[in-house]
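Letters A, B, ... mirror the listed sequences (proteins, then strands); counts begin at 1.
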Amino acid sequence: MELRKNYFADVRKDDLHEIGQPRPRSDSPGHVTGKTAYFADRSFPGMLHLKMVRSPHHHARIRSIDTSEAEKHPGVVRVLTAKDVPHNVYTILILIQIGPEDETVLADGKVRWKGEAVVAVLAETERAAQEAAAKVRIDYEVLPAVFDMEEALKPGAPLVNEYHGQNYYLYDSGECRKVRFGDVEAGFAGADHILEQSYQSSPIEHAPTETTGCVVAPEGNDRFTCYTNTQAMFFTLDNTSIILQMPGSKLHFVGGTVGGGFGGKVDVIVEPIAILGAKLTGRPVCFIYSREEEMQISSPRAAEKVVIKDGVMTDGRIVARKVTGYTDAGAYSRHSPYGAQKGAGHYPGPYTIPNVWIDTYCVYTNRTPSSAMRGFGVTIGDFALEVQMDKLARLIGMDPLEFRFINAYRDGDMKAHRQPTEGAALIECMQEASRVANWPVAEKYMAMSSYAKGA
Amino acid sequence: MAKVPVQFTLNGSEKAEFIDSGTTLLNALRDKIGDTSPKGGCHQGTCGACSVIIDGELRLSCLTLAETCDGAAITTTLGLAEGGVMHPLQRAFLDTFATQCGFCTPGMIMAAKVLLDHTPNPSRDEVIEALSGNICRCTGYEPIIQAVLRAARANSQNAA
Amino acid sequence: MAIRRGRGVAAINYPTGMNLGGDPTQALVHSTPTGNFMVTLSSVDLGQGMKQIMAQICAETIGVPTDRVVVDTADTDTGPHCMGTFASRGTHRAGNAVIQAAREARQVMLEVAAEELEVNASDLETDGQGNILVKGAPQKSISIFDVALSAHFKRGRSISGRGMFLIPRSYPEKETGAMKPSTCYAHACTVAEVEVDDETGEVTVLTVKNVFEIGRALNPKMVEQQLVGGSWMGISHALYETTEPYYPNRDHGGTDFNQYLMPGPGDLAETKIIVLERPSADGPYGAKGPGEMCANPQIPAVANAVFDAVGVRIDTLPITPERILRALKAQAAN
């Protein structure tokens with residue numbers, strides 16, 4: 001890595017002692033000696049293992065659940081179903097008033113995705129828990145499922161989630177989050193060229209080397225200590241408190257040393273049920289995802305569809321941009337309504353465009369609920385935007401890098417969501433990229449600055 | 001369930017345990033003996049985080065039954081430092097900032113140690129080959145490759 | 001049939017934090033009797049190095065070496081609230097809270113030193129090595145060790161501080177979408193070079209040259225870790241990763257590391273990382289969040305390079321050999 005101190009030297013003081021120094025990481029000696037304690041490195045005498053019985057169907061009504069054979073299995077201590085969970089229907093972002101509560105800790109009457117948790121088995125050993133889980137008998141009535149976002153949005157599509165009542169998240173702005181800036185239709189009407197293109201991704205897994213999990217120990221004082229690899233301590237504690245209807249003062253969460261997160265450990269999934277298990281048995285409990293659960297059960301990055309329509313002039317100016325984004329939330333909200341909204345705030349990208357129209361939808365389908373991942377709400381949008389930029393440049397016969405200089409945002413430019421640009425540095429990044437990649441652009445672009453025009 | 005006796009040396013000390021037949025070496029080390037330096041990233045032999053050295057060979061402890069290790073000499077990352085002084089590989093991982101979350105690190109160091117024990121001056125390709133059974137999701141691998149090459153250089157300088 | 005070369009570029013920005021949800025983090029700082037400093041947080045270190053960076057920020061603000069700071073984090077019995085580690089917010093939000101707490105602690109420290117030295121606190125400065133000096137008269141000084149002892153056992157002062165950083169929640173306006181999603185943005189531009197085998201559809205990324213603007217590289221070696229790893233993940237996303245290869249078909253999802261593909265150590269592109277620093281107005285020492293955006297520009301840069309190489313657009317991720325071959329076939333048919 002090379003630091004290029006010549007850029008922005010006029011707005012930066014390099015007079016610091018500790019900041020900017022490549023000090024050794026204080027946690028590395030623990031990592032290289034094998035002494036760093038991750039949550040799963042703690043175990044307690046008498047610890048029980050929790051295994052989930054999961055739905056084999058994408059969408060089904062649960063007619064009945066028979067746990068009697070599982071309960072008789074040697075080593076089984078307790079079997080939990082929906083009726084054991086005090087506040088079974090929850091949603092993570094209720095803490096910041098993004099409802100409705102739409103997800104069950106353990107499925108109650110219905111499953112909405114293949115892999116949804118239905119019954120939790122607590123046993124003396126992992127093997128006993130697994131064997132007993134296989135003995136739980138669930139009678140399902142399979143229902144039609146919908147996997148395609150466009151199909152899900154059509155009238156008459158199977159309803160994925162009754163708590164929403166329709167297959168999209170209802171924002172205060174309606175069926176999508178909207179951004180309206182300028183007059184996009186007038187922009188298209190005056191453009192030399194119009195290009196409308198569609199981009200698509202599929203779910204992506206965080207794949208941390210340490211799977212999601214927790215270890216819970218009941219303390220002697222009616223409190224529960226939960227060792228967890230959550231990315232958000234109080235998010236998890238407060239949601240657990242709601243789900244278990246247990247005062248937060250009874251809960252003690254210890255974490256902060258995580259074997260990779262990338263956004264995959266911000267959901268509150270394993271902790272509430274493990275603490276409930278510890279409460280109902282009085283025993284320590286561990287609930288750790290298998291690699292298969294991490295890959296197919298834990299929330300992935302959402303699949304997205306992005307449709308971009310641009311009006312561009314032959315001189316390189318983009319004069320209008322319309323973006324319609326669809327985020328595939330899967331069966332439940334988790335963080336997806338937020339991610340779709342974050343996308344609305346991100347488009348039309350780091351470019352100054354006078355006429356912008358953005359609609360972002362959060363769509364429910366019968367698949368593994370998606371959630372946050374590194375670049376949440378933005379990564380796939382950037383793929384779409386930047387491929388579109390390349391296509392536009394070629395459409396008008398312009399160098400793709402020069403085309404970006406023409407449209408790059410600079411300090412003071414008004415963004416589509418009506419915030420003036422501050423602290424821009426896109427132009428300088430492109431100038432340096434031009435140099436290091438030996439991708440020459442015209443001198444006038446190398447002379448540009450992100451600072452406000454005329455400043 | 002009938003317990004099976006198993007005896008081996010772990011980082012030079014003798015260990016004797018009664019285990020359930022079918023217990024993996026990973027679980028025996030972590031749950032019975034308390035050496036948690038091998039990590040369980042997949043329990044199916046695909047991530048390398050559980051790697052240990054058995055009689056000089058790199059092995060996946062999650063796919064090794066503990067009862068097959070009777071009489072073996074087992075080394076884990078926890079046993080590499082001697083007298084509080086880190087092994088050159090550990091030092092090199094520190095110096096090259098080759099750890100981020102650290103979860104894959106003990107397995108990486110085991111794989112690297114077996115490489116350097118057999119091939120003190122490996123090529124870059126040999127290092128890559130040696131690490132190819134270990135998954136790292138944070139670093140992009142390059143700093144880990146650099147760490148192993150650095151440790152090899154340090155070894156050869158000490159030997160010279 | 002041939003191996004064809006191409007290159008592509010992409011430029012991006014990325015918001016720091018989650019203003020659309022309200023975004024608070026708190027920190028507490030206190031000194032021990034011998035002048036070491038404890039930072040107490042509930043922020044989570046995912047491997048990015050939160051603990052180390054908060055120690056450096058506290059040390060810089062108090063005016064002591066980093067190794068005199070210990071970070072105690074992610075215990076809800078002791079650490080004050082943090083929203084969490086996501087949305088590129090950790091360093092920015094927690095860093096600001098630590099600065100505020102450390103400033104308050106520093107002020108008490110200087111007041112105690114002023115009493116010991118019989119000068120005004122405003123006339124004192126730290127040397128960054130553990131001493132407090134009178135400005136312009138550095139021979140008149142006291143060690144922080146002695147100041148802390150005095151505070152604890154003689155003056156009855158608590159050298160401590162509280163920090164709270166909150167960016168108020170922005171509610172998007174219903175009709176126009178007017179909102180403030182972030183207070184600062186990181187930037188990047190990536191140029192990727194690829195080889196595409198037009199017989200097998202296989203893509204090899206030869207080089208990625210990444211320029212990142214991140215506000216301030218608080219610890220350059222740790223920034224490098226994030227950026228190198230992120231660049232690798234971006235390439236991995238572009239070419240390999242999916243849990244549903246035939247989305248929206250739900251079948252064929254990989255369940256382990258054999259089926260879920262990522263580049264291994266033998267598949268690395270030659271990677272160049274350049275860092276620019278335009279300090280952000282509200283970042284801790286100007287820092288922005290680099291951890292997420294560093295994995296974004298490689299994806300479109302690789303996609304554009306594939307087009308440059310073989311003249312087909314793959315607008316569906318990941319850019320698999322199958323998709324390239326189907327597109328080449330369709331192109332040939334036209």
Side-chain angles (χ1 to χ4, degrees), chain A residues 1-4 7-8 12 17-19 22-23 25-26 96 147-148 173 178-180 199-205 231-235 237 252-256 258 261 266 291-292 295-296 300 345 350 374-375 379 382-383 386-387 390 401 404 417-418 423 425-426 429-430 432-433 436-437, chain C residues 9-13 21 42 44-47 49 52 56 59-60 66 73-77 81 84-86 128 174 176-181 187 189 191 209 211 213 218 220-221 224 241-244 247-248 253 255-256 273-276 278-280 285 292 296 299-300 303-304 315-317:
Chain A
M1 185 187 92
E2 295 165 47
L3 272 166
R4 290 276 192 272
Y7 291 90
F8 305 113
R12 189 185 63 239
H17 292 98
E18 301 298 317
I19 294 299
R23 303 278 183 240
R25 289 178 63 141
S26 56
I96 54 171
F147 303 107
D148 182 279
S173 52
K178 301 170 188 168
V179 175
R180 303 286 182 265
Y199 303 89
Q200 180 73 55
S201 72
S202 54
I204 293 174
E205 169 52 33
Q231 291 182 224
M233 302 303 293
F234 279 98
F235 235 17
L237 187 152
H252 178 198
F253 280 66
V254 179
V258 178
V266 297
R291 178 51 54 185
E292 180 171 356
M295 287 291 181
Q296 288 289 331
R374 192 178 204 171
T379 298
D382 278 350
F383 160 68
E386 286 301 295
V387 173
D390 205 63
L401 192 49
R404 287 174 171 82
H417 56 262
R418 289 176 169 76
L426 191 75
C429 284
M430 294 194 296
E432 184 57 25
V436 299
Chain C
V9 66
I12 59 123
N13 68 343
S42 68
V44 171
D45 198 327
L46 304 175
Q52 175 63 25
Q56 284 185 236
E60 182 73 48
T66 297
T73 193
D75 181 325
T76 58
D77 274 8
H81 175 253
T85 302
F86 43 73
K174 273 191 267 189
T176 65
M179 61 177 125
K180 191 163 189 170
H187 300 88
C189 182
V191 175
K209 298 188 167 92
V211 182
E213 187 281 311
L218 299 177
K221 290 300 288 183
E224 181 178 18
E241 294 186 41
T242 176
T243 58
E244 298 186 32
Y247 176 90
T255 56
D256 60 35
I273 307 280
I274 307 276
V275 168
L276 315 184
R278 182 178 187 185
S280 68
Y285 297 100
E292 297 185 274
N296 287 350
I299 306 173
N304 292 336
D315 292 336
T316 299
L317 290 176

Given heavy-atom pairs under 4.5 angstrom as the criterion, report whether the side chain, backbone, both or neither of C:K221 touches chain A.
both

Chain C contacts, top residue of A:L3, A:V179, A:D390 (heavy-atom pairs, under 4.5 Å):
A:D390

Does A:T379 reach the side chain of C:I299, with side-chain heavy atoms less than 4.5 Å apart?
yes

Between chain C and each of A:E2, A:H17, A:M430, count heavy-atom pairs under 4.5 Å; write down the option with the most.
A:E2

Where is the tightest heavy-atom contact between C:A11 and A:P350, given as atom of each residue plus distance?
O-CG, 4.2 Å

Using side-chain heavy atoms (C-beta onward) and a distance below 4.5 Å, is A:F8 in contact with C:E213?
yes

Which pair of heavy atoms, one from C:P279 and one from A:R12, lies closest together, and at what distance?
CG-CG, 3.5 Å

Quick one: list whatever passes ring pair (Phe, Tyr, Trp, His ring centres under 6.0 Å) with A:H252, sequence neighbours left out.
none

C:T76 (side chain) donor-acceptor with A:F253 (main chain) under 3.5 angstrom
yes

Per-residue contact mode, A:V266 against chain C (heavy atom under 4.5 angstrom)
side chain

Going from CE on A:M233 to NE2 on C:H81, what distance comes out if it is rounded to the nearest 0.5 angstrom?
11.5 Å

Using a 4.5 angstrom heavy-atom cutoff, name the option from A:P22, A:A232, A:S26 with the most pairs to chain C.
A:P22

Which distance, rounded to the nearest 0.5 Å, do you find between the CG of C:L317 and the CD1 of A:I204?
6.5 Å

Side-chain donor or acceptor of C:E224 paired with backbone N/O of A:M1 under 3.5 Å:
yes

Do you know which two heavy atoms are closest between A:F383 and C:D315, and how far apart they sit?
CE2-O, 3.6 Å

Is chain C contacted by the side chain of A:L237, its backbone, both, or neither, given a heavy-atom distance below 4.5 Å?
side chain

Quick check on C:V191 against chain A: is it the side chain, the backbone, both or neither that has a heavy atom closer than 4.5 Å?
side chain

Looking at A:Q296 and C:T243, would you say the former's side chain and the latter's main chain have a donor-acceptor pair under 3.5 Å?
yes

With a 4.5 angstrom heavy-atom cut-off, which part of A:R404 approaches chain C: side chain, backbone, both or neither?
side chain

Nearest 0.5 Å, please: how far is CG in C:L218 from CD1 in A:I19?
5.0 Å

Which answer fits C:S280, side chain, backbone, both or neither, if we ask what part of it has an atom under 4.5 Å from a heavy atom of chain A?
neither

Is the backbone N or O of C:I274 less than 3.5 Å from a side-chain atom of A:E432, with the two atoms forming a donor-acceptor pair by type?
no

Among the options A:A433, A:G375, A:A437, pick out the one with the most heavy-atom pairs lying under 4.5 Å from chain C.
A:G375

How long is the span from the CD atom in C:E241 to the OG atom in A:S201, to the nearest 0.5 Å?
12.0 Å

Counting distance only, does the side-chain N/O of A:E386 pair as donor-acceptor with the main-chain N or O of C:P300 below 3.5 Å?
no

May I have the step-by-step check of side-chain hydrogen bond (donor to acceptor under 3.5 Å, both in side chains) for C:T66 and A:E18, ending in yes or no?
CA-CA 7 Å; C:T66 297; A:E18 301 298 317; 2.5 Å; yes

What distance do A:F147 atom CZ and C:E244 atom CD have between them, rounded to the nearest 0.5 Å?
9.0 Å

